Amino acid sequence: MQRKVHVRTTINNQAVEFLCEPRQSLLECLRDIVGLTGTKEGCNDGNCGSCTVVLDDRIVTSCLVLGVEAEGRKITTIEGIAAGNQLHRLQQAFLTNAALQCGICTPGFIVAAKALLDSEPNPDEERIRLWLAGNLCRCTGYDKIVRAVSECAREAKA
Amino acid sequence: MSMPTYKVIGTRPVRHDGADKVTGRAIYGADVQLAGMLHGYVLRSPHAHARILRIDTGKAQAFPGVMAVVTADDFPRTPDRIVDLGEGETPLSCVRGNMLARGKVLYRGHAIAAVAAVNMHVAEEAASLIEVDYEPLACALTAPDAMRADAPVIHGSLRMKELGAPTDTPGNVAEHFRHVKGDIEKGFAEADLIVEREFDTATVHQGYIEPQNATALWNNDGRVLIWCSTQGAFVVRDVTACVLDLPVSQVKVTPTEIGGGFGGKIPVYLEPVAAMLSKKTGRPVKIVMSRKDVFEATGPTPGSHMKVKIGARKDGRITAAQAYLAFEAGAYPGAMVGPAGMTVFAAYDLEHVTIDGYDVVVNKPSTAAYRAPGAPNAAFATESVVDELAQKLGIDPIEFRLKNAAKEGTRRADGPKFRKIGCVEVLEAMKNSPHYKTPLQGPNRGRGVALGFWFNVGLPSSCTISVNSDGTVNLVEGSTDIGGTRTSIAMQAAEVLGIAAEAVQPTVVDTDSVGFTAVTGGSRTTFATGWAAYEAAQDVMRQLKERAAKLWETEAAGVEAAGGVFRSGDRSMSFAELAARLGETGGPVVGRGAVNPRGVGGSFAGSIADVEVDPETGKTTILRFTCVQDAGKAIHPSYVEGQMQGGSVQGIGWALNEEYWMSEQGAMMNSSLLDYRMPTSLDLPMIETCIVEVPNPGHPFGVRGVGEANIVPPAAAVANAVCHAAGVRLFRLPMNPPAIMEALWKPGGKSSQLVPRNP
Ligand code: FES
Ligand code: FES
């Protein structure tokens, strides 16, 4: 078995330390070592977006990042999107717009959409569709997801 | 008849499991963590068809960190028998053989052995040390190839069932069936115009985002405990018990949240294997498939080869229709050709029909149901021919369909007679939709329509409801929730109880904790488990009336209840007030509902597609898309729309992109989500929806079930739109850019008809 590496990082604004093998992906570390299973695995090769997290200020597919690369960096996962008991308005919009069916893609979509709205408060439909094209959803046909994100973009405008 | 008015049904409450699913708290199968848990890995065949000469697991067993290895030899070899797989019956030998190969591998990806180790990397490394000697055999990959006289025989023991009777005919055809109505020759003789075409559709996958997974613990008391994401916990229980040769009561299945299924999470692949690894190690074992395994070893839906011939008179009336359907079952018999035969002409009221269906085994993964299984293939063929007839006769395609539409009393060629159905209503709604009324303009553009039918299923469901002292109730049910069914079931209970949807707390429980409940599939969950909830709520109301009568010292028969208020004479009491007084009137109130409903109502759906075909690349863009569907009664309209949109988009993917690219040796060349390209948000417009409500007389609220019919017509509608845009008709799915370019540029193609992008 490989020798483990000590990683010091910040996850959802909390200092976290863990031990991992050099070959373990950040996704695996988050889920199996840190116990944050809200980030999902759909493909493990960067093509579905279910494992999307924010690393410093960029969204990444955590299955394509190594756990050891988290050293000294800041990670936001789906578990860090709500403010305590208060759902983020995107989470609320997903609920009121019925933007999830099975919900396996939802954490990735919410993390990705929040990153969009954080950097561009008023994206139009085309921009939202382009931004979310790296996140696959097999259940919804994307209609209600795009509507939920658009609603938040409109709120930001108002 | 005026529609009844409802207080809860038809509203759009937030789903009960919503908060858990937007915060990442919901526990899906792969999220299960148990103390001391080991990880399993399944070794799979690199060959599509080969004899297994030797398996040596010695080196893997000795690898540090490995706790156990299993092969087919570790499983009991009980005599073969027929088992119920949830949506059909199959021999135990096939289920067992698909789980771990014995003697031969029948497709690339076929499981050979499984390893349990301290982590998944160690398990995977160890699996690579298992030595397997194969004798590769020639393979047959499509139905026409496998039906040839000189085709390699996949199952030496297979004998064809011919028109319902066993025969001695060996080969790869498991069954040939025929449905006949009227006199087909007479019908074609009456036609002014006959169109006959051949169609092929590629193998496609359900494409759920969550891979299959299973965690099992063979407990020290002999019971097998399983956690997995499945469409049917009771199916997993029963199949696992069968394979392990245990009584069903020795297996307990806890269904976790499930990340999509579409039919593909009905079959059992991993659970018994994880259980056997657990038995050998004394520890819980979790196995999660990779995406490659999902493509190579689960699902897909059959590829098909079809011929459809339809004759019509000048006035647009169809005189005869004939279909030949050959479907690929994959490695084991059971292609969804039966449902294809039931649906191929079901949308039309026809006098003379013949339908021939062939279930053909090939060296591909054993196929599974995929949303209205078989029907989209069949509709692609029928609706393309119908479109061509309408076009040649100069009749509007919706008018043409209206002239021939099935209605109450129409008898299908496979036997059943329709009760009240919404076929005409769906067509009228298509005709009157904002989409159809808006003319499509611009070069290289075309509009296509198509119609589809799915019969839906009933099957058993159970439910209990217990009343809380604060005026809410707890609802316990056994249908895993893939798309908001906790809420659509709870809403039906709330309607009966006269309380808010939010006052019902629905929970999906394990197989020890609720009565038998069949799969979440066949569009049955809101219909059948909703009905069980309706019965349970009625039971609660009967008991509550008795309690009110006790308090008021009157007869229960004199107590009335409406809108959450109990009344007798001038006395009244709210549901909550009565709920607070159960202790003093006899104790807890628990209602039960257990049903096996017969009154299934089939659903019709129509698609309207506007497309633009790029003449330089052959790429098709969906400009506008509308789905119309008869829901019977839409319990939660947002989630009904969601089903319609999701099914439409899966159909669009099927039409334009999705396909198993197979090498000649039977290897899937595109087994990743990059190369097996499902639609992304950028590929699509908003999907317009129109819910039609023709109540199903066989359900207390008129529910039909909405999960499936929506995927039936889209591929045909897109094909018809491509034909009107590009001037060439395609007879094979998917209609990807190379296929469209080939059709445009072949002699007699219409490349000149398209307007260049940059003239
Ligand atoms: S799991 Fe990382 S992109 Fe699919
Ligand atoms: S809701 Fe199921 S994959 Fe998106």
Side-chain angles (χ1 to χ4, degrees), chain A residues 1-2 21 23-24 28 31-32 35-48 50 77-79 81-82 87-88 90-92 94-107 110 125-126 128-147, chain B residues 12 14-15 17-28 30-31 33 64-65 118-119 121-122 206-211 257-262 288 290-291 481-484 636 638-639 641-650 652 672-674 678-684 686-687 689:
Chain A
M1 225 175 300
Q2 288 178 311
E21 292 179 32
R23 64 180 166 188
Q24 287 185 289
E28 208 185 319
R31 290 176 52 81
D32 293 351
L36 292 175
T37 54
T39 305
K40 302 301 181 194
E41 176 182 323
C43 67
N44 211 25
D45 57 14
N47 287 307
C48 75
S50 321
T77 69
I78 184 66
E79 289 90 347
I81 301 292
L87 290 181
H88 186 273
L90 256 169
Q91 293 171 312
Q92 199 58 52
F94 266 63
L95 294 181
T96 50
N97 284 278
L100 58 147
Q101 283 177 30
C102 78
I104 196 83
C105 68
T106 309
I110 288 178
E125 183 189 328
E126 194 59 30
I128 293 169
R129 285 186 181 277
L130 177 64
W131 184 273
L132 296 178
N135 291 77
L136 292 176
C137 174
R138 190 58 156 174
C139 300
T140 64
Y142 306 100
D143 183 298
K144 292 184 191 299
I145 294 175
V146 173
R147 275 177 213 279
Chain B
R12 301 177 187 235
V14 165
R15 61 193 283 172
D17 53 344
D20 282 350
K21 285 184 175 162
V22 296
T23 55
R25 287 213 176 91
I27 298 296
Y28 291 76
D31 304 337
Q33 303 276 7
V118 290
N119 69 45
H121 302 288
V122 171
Q206 292 80 351
Y208 36 79
I209 303 299
E210 178 206 36
E257 297 305 326
I258 171 173
F262 314 108
V288 180
S290 68
R291 177 55 56 177
D481 181 351
I482 315 189
H636 192 309
S638 296
Y639 286 98
E641 292 160 6
Q643 289 296 318
M644 294 162 72
Q645 291 162 335
S648 295
V649 167
Q650 286 184 316
I652 289 169
S672 78
L673 289 174
L674 179 64
M678 308 197 297
T680 72
S681 53
L682 197 55
D683 300 321
L684 299 159
M686 291 296 186
I687 305 296
T689 56

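Numbers restart at 1 for each chain; the letters A, B, ... are given by sequence-line order, proteins then strands. Predicted model only: the values in this text are computed from it and were never measured.
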Quiz prompt | Top of B/Gly483, B/Ala19, B/Gly484, B/Ser648 for chain A proximity - count of heavy-atom pairs under 4.5 angstrom | solution = B/Gly483
Quiz item: When only pairs under 4.5 Å are counted, which of A/Glu41, A/Glu79, A/His88, A/Gln91 shares the most heavy-atom pairs with chain B?
Solution: A/Gln91
Quiz item: Does some side-chain heavy atom of A/Leu95 sit less than 4.5 Å from a side-chain heavy atom of B/Lys21?
Solution: no
Exercise. Please look at B/Ser290 and chain A and tell me whether the side chain, the backbone, both or neither of the residue comes under 4.5 angstrom of a heavy atom of that chain.
Key: neither
Exercise. Using the test side chain to side chain donor-acceptor pair (under 3.5 Å), find all partners of B/Thr689 that sit at least two apart in sequence or belong to another chain.
Key: none
Exercise. Find out whether B/Phe262 and A/Cys139 are in side-chain contact, i.e. whether some heavy atom of one side chain is under 4.5 Å from a heavy atom of the other.
Key: yes
Exercise. Select one option (side chain, backbone, both, neither) describing which atoms of A/Asp45 are under 4.5 Å from chain B's heavy atoms.
Key: side chain
Self-check item: Top contributor to chain B contacts, counting heavy-atom pairs under 4.5 Å, from A/Gly134, A/Ser50, A/Ala98
Solution: A/Ala98
Quiz item: Side-chain contact, heavy-atom cut-off 4.5 Å: A/Leu136 with B/Thr680?
Solution: yes
Practice problem: To the nearest 0.5 angstrom, please state how far the CG atom of A/Asn47 sits from the OG atom of B/Ser672. | Solution: 5.5 Å
Practice problem: Give a yes or no on whether the backbone of B/Gln650 and the side-chain of A/Arg138 come within a donor-acceptor separation of less than 3.5 Å. | Solution: no
Quiz item: When rounded to the nearest 0.5 angstrom, what is the spacing between CG in B/Leu682 and CD1 in A/Ile128?
Solution: 12.5 Å
Practice problem: Examine whether an atom of A/Leu100 lies under 4.5 Å from a heavy atom of chain B, and if so say whether it belongs to the side chain, the backbone or both; otherwise answer neither. | Solution: both
Self-check item: Options A/Gly141, A/Gly42, A/Pro107, A/Gly38, ranked by heavy-atom pairs under 4.5 Å with chain B, top entry
Solution: A/Gly42
Practice problem: With a 4.5 Å cut-off on heavy-atom pairs, point out which of B/Gly260, B/Gly207, B/Gly647, B/Gly261 contacts chain A the most. | Solution: B/Gly207
Practice problem: Could you tell me which portion of B/Val22 (side chain, backbone, both or neither) has an atom closer than 4.5 angstrom to a non-hydrogen atom of chain A? | Solution: both
Self-check item: Residue part contacting chain A, namely of B/Leu684, when any heavy atom lies under 4.5 Å
Solution: both
Quiz item: Just by modelled atom types, is the B/Pro679 backbone N or O under 3.5 Å from a matching donor or acceptor in the A/Tyr142 side chain?
Solution: yes
Quiz item: For the candidates B/Glu210, B/Met644, B/His121, which exhibits the highest count of non-hydrogen atom pairs separated by less than 4.5 Å from chain A?
Solution: B/His121
Exercise. Could you tell me whether a side-chain N or O of A/Arg31 sits under 3.5 Å from a main-chain N or O of B/Ala30, the two making a donor and an acceptor?
Key: yes
Practice problem: Identify which part of B/Ile652 has an atom lying under 4.5 Å from any heavy atom of chain A, answering side chain, backbone, both or neither. | Solution: neither
Practice problem: Heavy-atom pairs under 4.5 Å with chain B are the metric here; pick the option from A/Thr96, A/Thr140, A/Asn97, A/Thr106 that has the most. | Solution: A/Thr140
Practice problem: Please state whether the side chain, the backbone, both or neither of B/Arg25 comes within less than 4.5 Å of a heavy atom of chain A. | Solution: neither
Quiz item: Given that the side chain runs from C-beta out, which part of B/Gln206 has a heavy atom under 4.5 Å from chain A: side chain, backbone, both or neither?
Solution: backbone
Self-check item: Greatest number of heavy atom pairs closer than 4.5 Å to chain A - which of B/Met678, B/Arg291, B/Gln645
Solution: B/Gln645
Practice problem: Heavy atoms only: give me the nearest A/Lys144-B/Gly642 pair and the separation to one decimal. | Solution: CE-N, 3.8 Å
Quiz item: With a 4.5 angstrom heavy-atom cut-off, which part of B/Gln33 approaches chain A: side chain, backbone, both or neither?
Solution: side chain
Exercise. Locate the shortest heavy-atom distance separating A/Cys43 from B/Leu673; write the atom from each residue and the value.
Key: CB-CD1, 3.9 Å
Practice problem: Go through the atoms of B/Thr23 and report whether side chain, backbone, both or neither lie under 4.5 Å from a heavy atom of chain A. | Solution: both
Quiz item: Do A/Gln24 and B/Asn119 have side chains that get closer than 4.5 Å, going by heavy atoms?
Solution: no
